[in-house]
Each structure stands twice: as C-alpha cells, then as structure tokens.
Engineer: 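Below are the structure tokens for one structure; questions will follow.
Throughout, protein chains are lettered first and strands after them, A, B, ... in sequence-line order, and every chain is numbered starting at 1.
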There are 2 protein chains.
Amino acid sequence: MTDLRARNRQATRAAITAAALRLAVEQGPSGLALVRVNDIASAAGVSPRTYNNYFSSREEAICGGQADRSRGAGDALRARPAGEPLDVAVTEAMVGLFTDPEPDRAGLRMIMLTPELEGEALRAFTVGESSLAEAIAERTGETGLRPEVTAAAVVAAIRVAGRHWLTPAANHPFADVIRRALSSVFSPDQTSR
Amino acid sequence: MTDLRARNRQATRAAITAAALRLAVEQGPSGLALVRVNDIASAAGVSPRTYNNYFSSREEAICGGQADRSRGAGDALRARPAGEPLDVAVTEAMVGLFTDPEPDRAGLRMIMLTPELEGEALRAFTVGESSLAEAIAERTGETGLRPEVTAAAVVAAIRVAGRHWLTPAANHPFADVIRRALSSVFSPDQTSR
DNA sequence: GCAAATAGTGCGTGGCACGCAAATATGTGA
DNA sequence: TCACATATTTGCGTGCCACGCACTATTTGC
C-alpha cells in the first residue's frame, strides 16, 4: 500500500483546492479579491501557514484541481490499446480524462473565464503537455519537435473545447465538443482552404 | 495612434517592460524575487505608483513585451495576400511577427524558462489567440470551433518552437524552427501513425 | 486661452508569501 | 512495543506589494 504520508498529503492538497475553488465560485469572478487566504485555510481545516506550504498563491490553489487532472494526460494515453491509431487513442484518452468525472460547470467557468486567473488556468492545462508529449513520442517513435507540437496542439484544443462547452448557447455534451475540437487538430481539412 | 497621449502611454509602457525584463535578466531566473518594484520603476524613470497603473504584477511587467508582440497576430495574418492558402499565409505571418526583429535570446529564455513566470508567459503568448482566430475565420469563412482551435494550435506550436530555439543543442534560425513546428500543425502526417 | 479629460504621483492600508524554529505526527528497526 | 529518525504542521515575525484615494500636471478640443 502506498505511503500513508503520501495519501494524507494528497488529501490535504485536495481539501485545500476544493475549499479554494468553492469559495471562489461563491464570490463569483468579480469578487475574487474577497477570497482571503484565511478563509481558504480554515475552510480546508488547516492553518494558513500550511496552506502556503502547498500553494504559493491563491490562484494556484484555485486552479490546483484542474492542474491535477491535466497531469494525468500521459498516463491516460498510455492506457489506450497499443494498436490504436494515434488520433483515436489520443481522442479517447482525453475524452476519458476530462469527462470522467464530468467537470463542475461553475468551477470550470470560474477557472477559465476569470481574467485574474487566466495565467494560472493556462498553466493548469499545460502542465499535462510534457507527459503527453512523451507518451505520444513512445507511441509513434517520433523524436524532436513533432510530438511536442502535437501534444501542445491537443492541450490547446481541449482548452478551446472547454470554453465552448461553457458558453450557454449550445450545450452539447463535453465529450462531443472535445471530439470535434480534436478532429480539427488531427485533420486540418486542407480542401476548404 | 496620432494622439500624443497614446504615444506617450505606449512609450511609458515600453520603458517599463524593457526595464523589468532587463533587470530580471540581470538577476537570472533564480534571483527573480530580488527584482523589486522600486528598481523597475526607477529604472524606467517613473514612480512606483505609475508602474502599478500599467501592470498589476512584476510578472506581467516582465512578460509585457512578449504580450505586445503576440497581440499583433491577427493583423499579421490580415496583411498576407488574399489568395494565399491558409497554411502558408499563417506560417509566413507568424515567421514575420516573431522573427522581425529577432527576439533577444536572454530575454526569451528568462520569460519561457523561469518557473515563476510560466503562467504569465503562457498568457503573453495566448493573448494573440483571439485576434488570430478572427483573422482565420475571415479568411476561410469557417465559423465555430475550428478557427479557434486552429489559432490555439498555431500559438501553441510557436511556443514549442521558441522553447526549442532556446535549447543550446541545435541552433537553427528561429524562422526555420517556427516553419517546422507549424508544418506539424498543418499536416499531421497521418501515414506514420 | 479655457475648461474638461487624462495621466502621473505620494501616501496610507490591508493582505500575502515565506523564513525560521518549535511542536506534532508518521514511519522504521530492534 | 518502544524509541529514534524523518516528515509535516503550526505560530510568529518580516518585508514587500497591489491598490484606493486625493491631488497635481499635462494634453486636447472648443
């Protein structure tokens, strides 16, 4: 069994991110400055100093959950059957990673659409890039620029998909939006251009 | 832009970003915390309070120059001849935008490889996405997800290209690296997968 | 020139990230 | 089971920073 310490650490981290995001959602995007570190810490049942051992800014705490999810990108791809073509392997891996469980709409909206969080939100998504690039390289045997560019494009596409999923207009399932976004990446459709 | 006020504003902004980046480069990535707001302000010949009217964090000031460059993405694409196919138009537009003038290696290295600047650096690159997406949409007549995904993928590819250009190993001209990165975006090379 | 709008500045305030060291919890070997 | 080593939590103190506010200086349009 894995270290109890490690599990406790994960639990505390999760408690802090959850509390931070919940409080941020409660205040809404305009009242982000009102989310005090003290509130986050006490809501997570931890001292302010401990909060700061885990995160070095409110923004990082709020986006921490998203970052943790993104980090799984490489493993998600590695879990796909070896024979699968790259595009479907990547697509299905990302659909699974980002829709299971379905993200909380309010939380994702807060993260992605609050200007002050923009930088940290981008960081939260892109932390998955490197592991995804490695996994792609393993799969295709490619080296150098190409796997990294593919990984970065995939992550960027998912980010755009998230934005679209959040717009109230058309509410297709998130999985469908991700599939459409990734198909734009893997088949740029030369003819119509 | 004919406005004297607007030009002064631009000049002050430029002075602050330049000073901020210069000081950051001088201290190196490890000594980022030593770059004080007072130093930036006085190096730019402006009061600390004024510095804060332009930027709301040191990170934003340091990455401001990169952000300004990225913002030109849409216009750069619109400046390409109308008949050009999308992939070459985008490629040439981006090569022009990001290599004229050639970026300062030390500055770009500071921005892209300093962990504390990661979020802001990503923001600096992605500020160009929306304008680029619009310009792509105008060109292709496409609507919805696809232009945005393309724009995001292009920006992401340029970011990866920048990272590669900074690695001491192979020093190809930046323009070449950008071209290779973008060709990965526009022709995902289905056969080898 | 004159009035309105806009930019720059000084001061004060509340909050935050983090170094440090003591206290507490957890893992390990005999 | 117990004691020792290691990791984590916590309280306290410090320096810095972002920003509201009010005031001054500069630009602009009439």
Side-chain angles (χ1 to χ4, degrees), chain A residues 1-21 23-24 26-27 29-64 67 114-120 123, chain B residues 1-21 23-24 26-27 29-64 67 114-120 123:
Chain A
M1 187 186 294
T2 55
D3 214 331
L4 175 69
R5 256 173 184 153
R7 269 182 296 132
N8 277 343
R9 237 186 115 73
Q10 278 314 101
T12 341
R13 185 183 157 91
I16 298 176
T17 60
L21 183 53
L23 292 177
E26 281 177 16
Q27 297 291 340
S30 56
L32 214 180
L34 300 184
V35 179
R36 302 274 197 273
V37 162
N38 285 308
D39 304 336
I40 299 177
S42 71
V46 99
S47 83
R49 190 60 185 84
T50 297
Y51 148 86
N52 234 351
N53 284 341
Y54 283 83
F55 300 99
S56 57
S57 72
R58 279 195 317 277
E59 294 78 10
E60 193 183 339
I62 295 173
C63 300
T114 303
E116 293 96 323
L117 293 179
E118 197 183 345
E120 197 56 38
R123 200 166 148 264
Chain B
M1 181 81 119
T2 49
D3 210 332
L4 176 69
R5 243 168 194 157
R7 268 183 296 135
N8 277 342
R9 235 186 117 73
Q10 279 313 102
T12 322
R13 184 182 159 91
I16 297 176
T17 60
L21 183 53
L23 292 177
E26 281 177 17
Q27 297 291 339
S30 55
L32 213 178
L34 300 184
V35 178
R36 303 275 195 274
V37 161
N38 285 307
D39 305 335
I40 300 177
S42 71
V46 99
S47 84
R49 191 58 185 82
T50 297
Y51 147 87
N52 233 350
N53 284 341
Y54 282 84
F55 300 99
S56 57
S57 73
R58 276 195 317 274
E59 294 79 9
E60 193 184 338
I62 294 173
C63 299
T114 302
E116 293 96 323
L117 292 180
E118 196 183 346
E120 199 55 40
R123 199 165 148 265

Engineer: What's the CD-C1' distance between Q10(A) and dA7(D), to the nearest Å?
Structural biologist: 15 Å

Engineer: Can you tell me how far C1' of dC16(C) sits from CG of L32(A), to the nearest Å?
Structural biologist: 14 Å

Engineer: Keeping the roles fixed (side chain from R49(B), backbone from V46(B)), state whether a donor-acceptor pair exists under 3.5 Å.
Structural biologist: no

Engineer: For the pair made of CZ in R7(B) and P in dA7(C), what is the distance, rounded to whole Å?
Structural biologist: 14 Å

Engineer: Output the rounded distance in Å from CZ (R58(A)) to P (dC17(D)).
Structural biologist: 16 Å

Engineer: Bend angle of the helix from dG1(C)-dC30(D) to dA30(C)-dT1(D) from five-pair axes at both ends, rounded to 10°?
Structural biologist: 40°

Engineer: From the set dA18(D), dT8(D), dA7(C), return the single nucleotide nearest to any side-chain atom of Y54(B).
Structural biologist: dA7(C)

Engineer: Any donor and acceptor pair, going by atom type alone, linking the side chain of Y51(B) with main-chain N or O of R58(B) inside 3.5 Å?
Structural biologist: yes

Engineer: Please name all residues satisfying salt bridge (charged side-chain N to carboxylate O under 4.0 Å, His left out) with E26(A), sequence neighbours left out, ordered by chain then number.
Structural biologist: R22(A)

Engineer: Work out which heavy atom in T114(B) is nearest to a heavy atom in L32(B); give both atom names and the distance.
Structural biologist: CG2-CD1, 3.6 Å

Engineer: Measure across T17(A) and G64(A) and return the closest heavy-atom pair with its distance rounded to 0.1 Å.
Structural biologist: CG2-CA, 3.9 Å

Engineer: Which pair of heavy atoms, one from I62(B) and one from A24(B), lies closest together, and at what distance?
Structural biologist: CD1-CB, 3.9 Å

Engineer: Which protein N or O atoms sit under 3.5 Å from an N or O of nucleotides 11-15 of chain D?
Structural biologist:
{"unit_1": "dG11(D)", "atom_1": "O6", "unit_2": "R49(A)", "atom_2": "NE", "d": "3.2"}

Engineer: Partners of N52(B) by side chain to side chain donor-acceptor pair (under 3.5 Å), sequence neighbours excluded?
Structural biologist: none

Engineer: From CG of N52(A) over to C1' of dC20(C), roughly how many Å is that when rounded to an integer?
Structural biologist: 14 Å

Engineer: Restricting to salt bridge (charged side-chain N to carboxylate O under 4.0 Å, His left out), what partner residues turn up for E120(B), sequence neighbours left out?
Structural biologist: R123(B)

Engineer: What's the separation between atom OG in S57(B) and atom CG in L117(B), rounded to the nearest 0.5 Å?
Structural biologist: 9.0 Å

Engineer: Both N8(B) and S56(B) contact DNA chain D. Which one's nearest nucleotide lies toward the 5' end?
Structural biologist: S56(B)

Engineer: Heavy atoms from C-beta onward define the side chain here; which of dA17(C), dA18(D), dT8(D) lies closest to that of V37(B)?
Structural biologist: dA18(D)

Engineer: Shortest non-hydrogen contact from A19(A) to A43(A)?
Structural biologist: CB-CB, 3.9 Å

Engineer: Nearest whole Å is fine: how far is dC17(D) C1' from E116(A) CD?
Structural biologist: 16 Å

Engineer: Would you name the heavy atoms of S56(B) and E60(B) that are closest together and state the gap between them?
Structural biologist: OG-OE1, 2.9 Å

Engineer: For Y51(A) and dG15(C), give me the distance from atom OH to atom C1', rounded to whole Å.
Structural biologist: 11 Å

Engineer: Can you list, in residue-number order, the parts of residues 11-20 of chain A that come under 4.0 Å of DNA chain D, counting heavy atoms only?
Structural biologist: T12(A)

Engineer: What contact category does F55(B) fall into here, base, sugar-phosphate, or nothing, at under 4.0 angstrom with non-hydrogen atoms?
Structural biologist: nothing

Engineer: At under 4.0 Å, does any side-chain N or O of R9(A) touch on OP1 or OP2 of dA7(D)?
Structural biologist: no

Engineer: Is the Lys NZ or Arg CZ of R9(A) less than 6.0 Å from the centre of Y54(A)'s six-membered ring, within 45° of the axis?
Structural biologist: yes

Engineer: For T50(B), report the nucleic acid contact type (base, sugar-phosphate, nothing); a contact means any heavy atom under 4.0 Å.
Structural biologist: base

Engineer: Taking the nucleotide of DNA chain C with the nearest heavy atom to each, does A33(A) or N53(A) sit closer to the 5' end?
Structural biologist: A33(A)

Engineer: Assign N38(A) to base, sugar-phosphate, or nothing according to its heavy-atom contacts below 4.0 angstrom with the strands shown.
Structural biologist: nothing

